[in-house]
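What's counted below: heavy atoms across the whole structure, side chains too, no hydrogens, waters or symmetry copies. Order of the sequence lines fixes the chain letters, A, B, ..., with proteins taken first and strands second; residue numbering starts at 1 for each chain.
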Protein chains: 2
Amino acid sequence: MSDAALTISDRIQRKLDDLTRAERQLAHSILENYPASGLGPLSALARDANVSVPTVARMVQKLGFKGYPEFQAELREELRAKVKNPIAKHDTWADGAPSGHMLNRFTDAVIDNIRHTLGQIDPDAFDAACALVADQERRLCIVGGRITHVLAEYLFLHMQVIRPNVTHIQSTSNAWPHYLLDTKDSDVFVIFDMRRYENNTLKLAQMAQEQGAKIVLFTDQWRSPVHQIADISFSGRIVVPSAWDSLGTTLLLVETMISSVQNLNWHDTKARMEELEGMFDQTKLFRKFT
Amino acid sequence: MSDAALTISDRIQRKLDDLTRAERQLAHSILENYPASGLGPLSALARDANVSVPTVARMVQKLGFKGYPEFQAELREELRAKVKNPIAKHDTWADGAPSGHMLNRFTDAVIDNIRHTLGQIDPDAFDAACALVADQERRLCIVGGRITHVLAEYLFLHMQVIRPNVTHIQSTSNAWPHYLLDTKDSDVFVIFDMRRYENNTLKLAQMAQEQGAKIVLFTDQWRSPVHQIADISFSGRIVVPSAWDSLGTTLLLVETMISSVQNLNWHDTKARMEELEGMFDQTKLFRKFT
DNA sequence: AGAATTGTGAAAAATTTATCACAAACGAAC
DNA sequence: GTTCGTTTGTGATAAATTTTTCACAATTCT
């Protein structure tokens, strides 16, 4: 295929693997706000990408242009063509795929779920829930069901770093009654229950509530029966073009909660995280992040 | 309304009637290929509009800019904002919360991640990956790391229903070498590896590849080293306003893959699902869905 | 330790912008 | 049709900015 048919974006992406660190940094910066960032002065591009001016100059030539102005001229030409061409209109998410492609249909649905869910959420309730979860005086129990235990686990993994005194309970396990033995009325239960709602989860929630624990519930738009006894509950839309439901929206809420709780506890978290980093370094489990 | 909220295009159109001949000519030329023409050199704009250089300079100042570069900077800023928000109108997602609330900031970031990722994905590669995963002749191994194992588990839970012959391996476990003993060259490995990339995962991938297995990789925008040996890899953007990364985009891809694979295997899946339903009913694990 | 990559600082070259004075062109009014 | 005021273009120039390119030092990776 001739270069003429390829956008600069395509060309950069194709070369991405052959690039060195600084070049890749630059490439990402160009793609980040494509094509706007490439249309400013060279020095601004270098600054945004945190690379030096010569690096940009060298890269532009590697891409086959005589100089930066020529590079910009082609970017403008692309932009001209794209705006002119109604087909290039962004009504699909994955450019190369037809709008009926599963990638586009699914993404539409998920975005729609997010919009609906966020539109109905009560920010004060959310803040209150975050405060509960962040409170290190309280024991934190995270409960998930057959599918939702992955969300529970995800939340647990992060909370474990952010604060002490966290437990992950799987309602499908039959060991959970033990955990409830020493529930105090200051405890907080974060419970995930989406359809099909699980009897075990409901029973667990009831027992926790009887012992005075606070209950924060993540459920779907039809609401788990747990919501009647929950102190705070969030319902995420989960409908997608699939035989299954989507956890996307709920994951978004969970991640936001993690971030908020992190901020609330930053003082303690920082020390804990550094400690953890050190332990990971020692085990050499991870590669150095470059 | 303050000028800040108006695009340059709006401002020009509003003034259109008060302009003189040469100025109007220029204005139309700017709007003709908006905003591309305004992003080139001043002299080129003058030439395209068939007006003189001073006319352009004067006009730009009439529009309230200190000079042409400032004019261009604002055009670029508009472009940046526009590309970022194809769905925009929503300046906040959670209506009740200020735009600076974590809920809104986080959602913005996730949507942005999705848009970026989908924009760069190769639908053919995606389809190919789905076909591999759907192929029941091949054994399917799903591998996750310390955090990503929740995604692996999630994919596993669904694949388990959709098709036989699925295994979930946790790279952090030290039991995984056993699983590789009888790897055949028809096997498919779906591997999740996000920063910080895990050495265990890389080793596992290498061994799998040496034995001829196909490798499908889900990673982040900086790409796990596994991507060099992967047959197909997908990089999702994961940046969010948090000390942690977001799995949102990758979850979207995984769920889409589940749905696609489900469709490919619908004939068999149907029977398997009904069977499973029956088993769940017997265990009374779930409440009847109303 | 050596090779490759990247940054620094500077200077020169090239381009672009901003302005000027003045003349030409134009349009409206008389 | 002439006149006057406005608008526009010309050509030139100064100023500002940007691009391009060095050599060399610092850094990173192998």
Side-chain angles (χ1 to χ4, degrees), chain A residues 8 12 15-30 35-76 281 284 286-290, chain B residues 8 12 15-30 35-76 195-197 199 202 206 222-225 227-229:
Chain A
I8 290 181
I12 292 176
K15 283 202 171 188
L16 219 49
D17 289 332
D18 306 331
L19 298 178
T20 55
R21 194 257 316 153
E23 287 173 335
R24 195 160 38 242
Q25 225 170 293
L26 173 60
H28 275 123
S29 182
I30 295 173
S37 13
L39 290 168
L42 184 151
S43 49
L45 182 56
R47 179 167 34 77
D48 289 351
N50 274 315
V51 299
S52 66
V53 166
T55 300
V56 179
R58 289 190 277 249
M59 170 98 171
V60 165
Q61 300 191 349
K62 261 195 191 171
L63 286 172
F65 298 97
K66 256 193 74 183
Y68 191 69
E70 193 179 305
F71 167 79
Q72 287 190 314
E74 186 154 332
L75 276 183
R76 279 197 302 274
D281 278 353
K284 301 209 171 143
F286 297 109
R287 297 173 65 86
K288 268 249 179 72
F289 172 60
T290 50
Chain B
I8 290 181
I12 292 177
K15 286 200 174 189
L16 217 49
D17 291 333
D18 306 332
L19 300 177
T20 56
R21 196 258 314 153
E23 286 173 337
R24 195 158 40 241
Q25 226 171 292
L26 172 59
H28 277 124
S29 183
I30 294 174
S37 14
L39 291 166
L42 184 150
S43 51
L45 183 54
R47 180 168 33 78
D48 289 351
N50 275 315
V51 299
S52 67
V53 167
T55 299
V56 179
R58 288 189 276 250
M59 170 97 169
V60 164
Q61 299 190 351
K62 262 194 192 170
L63 286 172
F65 298 98
K66 254 193 74 185
Y68 192 68
E70 193 180 303
F71 168 79
Q72 288 190 313
E74 186 154 332
L75 275 183
R76 279 197 302 275
R195 74 172 181 188
R196 315 167 40 152
Y197 313 117
N199 283 324
L202 179 57
Q206 278 162 344
W222 300 283
R223 297 187 184 181
S224 145
H227 100 269
Q228 286 165 345
I229 58 174

Task: Interatomic distance, B/L45 CG vs C/dA18 P [rounded to whole Å] - done: 12 Å
Task: Side chains of B/Q228 and A/D17 in contact at under 4.5 Å (non-hydrogen atoms) - done: no
Task: From C/dT6, D/dT19, D/dT8, nucleotide with atom closest to A/A22 side chain - done: C/dT6
Open item on the list: How many whole angstroms separate atom CG of B/L42 from atom P of C/dT16?
Closed with: 10 Å
TODO: Could you grab the distance from atom CD1 of B/I12 to atom NZ of B/K62, nearest 0.5 Å is fine?
DONE: 12.5 Å
- [ ] Rounded to the nearest angstrom, tell me the gap between atom CD in A/E23 and atom P in C/dG7.
- [x] 10 Å
- [ ] Nearest whole angstrom, please: distance from the P of C/dT5 to the CD of A/Q25.
- [x] 16 Å
Indicate every side-chain donor-acceptor pair of residues 36-58 of chain A with a distance under 3.5 Å to a residue at least two apart or in another chain.
unit_1	atom_1	unit_2	atom_2	d
A/S37	OG	A/S29	O	3.4
A/S37	OG	A/N33	O	2.9
A/S52	OG	A/T55	OG1	3.0

TODO: List the steps and the verdict of side chain to side chain contact (heavy atoms under 4.5 Å, CB included) for A/E70 and A/E74.
DONE: CA-CA 6 Å; A/E70 193 179 305; A/E74 186 154 332; 5.9 Å; no
- [ ] Flag the pair B/L19 / B/M59 as yes when at least one side-chain heavy-atom distance between them is below 4.5 Å, and no otherwise.
- [x] yes
- [ ] Supply the atom-to-atom distance B/W222 CH2 to B/H227 NE2, rounded to the nearest 0.5 angstrom.
- [x] 14.5 Å
TODO: Please list residues of residues 64-73 of chain B whose heavy atoms come under 4.0 Å from any atom in DNA chain C, ordered by number; otherwise none.
DONE: B/G67, B/Y68, B/P69
TODO: Hey, could you give me the CG/CZ distance between A/L26 and A/R24, rounded to the nearest 0.5 Å?
DONE: 11.5 Å
Restricting both atoms to N or O, compile the protein contacts to nucleotides 26-29 of chain C shorter than 3.5 Å, with distance only.
none

TODO: Under 4.0 Å from any atom of DNA chain C, heavy atoms only: list the residues of residues 46-62 of chain A that qualify, in numerical order.
DONE: A/N50, A/V51, A/S52, A/P54, A/T55, A/R58
Task: Nearest-0.5 Å distance, CG of residue B/L75 to CD1 of residue B/I8 - done: 4.0 Å
Open item on the list: With a 4.5 Å cut-off on side-chain heavy atoms, are B/Y197 and B/L202 touching?
Closed with: no
Open item on the list: Between B/E23 and B/K15, does any side-chain N to carboxylate O distance fall below 4.0 Å?
Closed with: no
Task: Results of side-chain hydrogen bond (donor to acceptor under 3.5 Å, both in side chains) for A/Q25 - residues two or more places apart only - done: A/R21
TODO: For DNA chain C, produce a single dot-bracket line, 5' to 3'. Pairs: Watson-Crick or G-U wobble, both distances under 3.5 Å. Symbols: ( ) within strand, [ ] crossing, | other strand, . unpaired.
DONE: ||||||||||||||||||||||||||||||
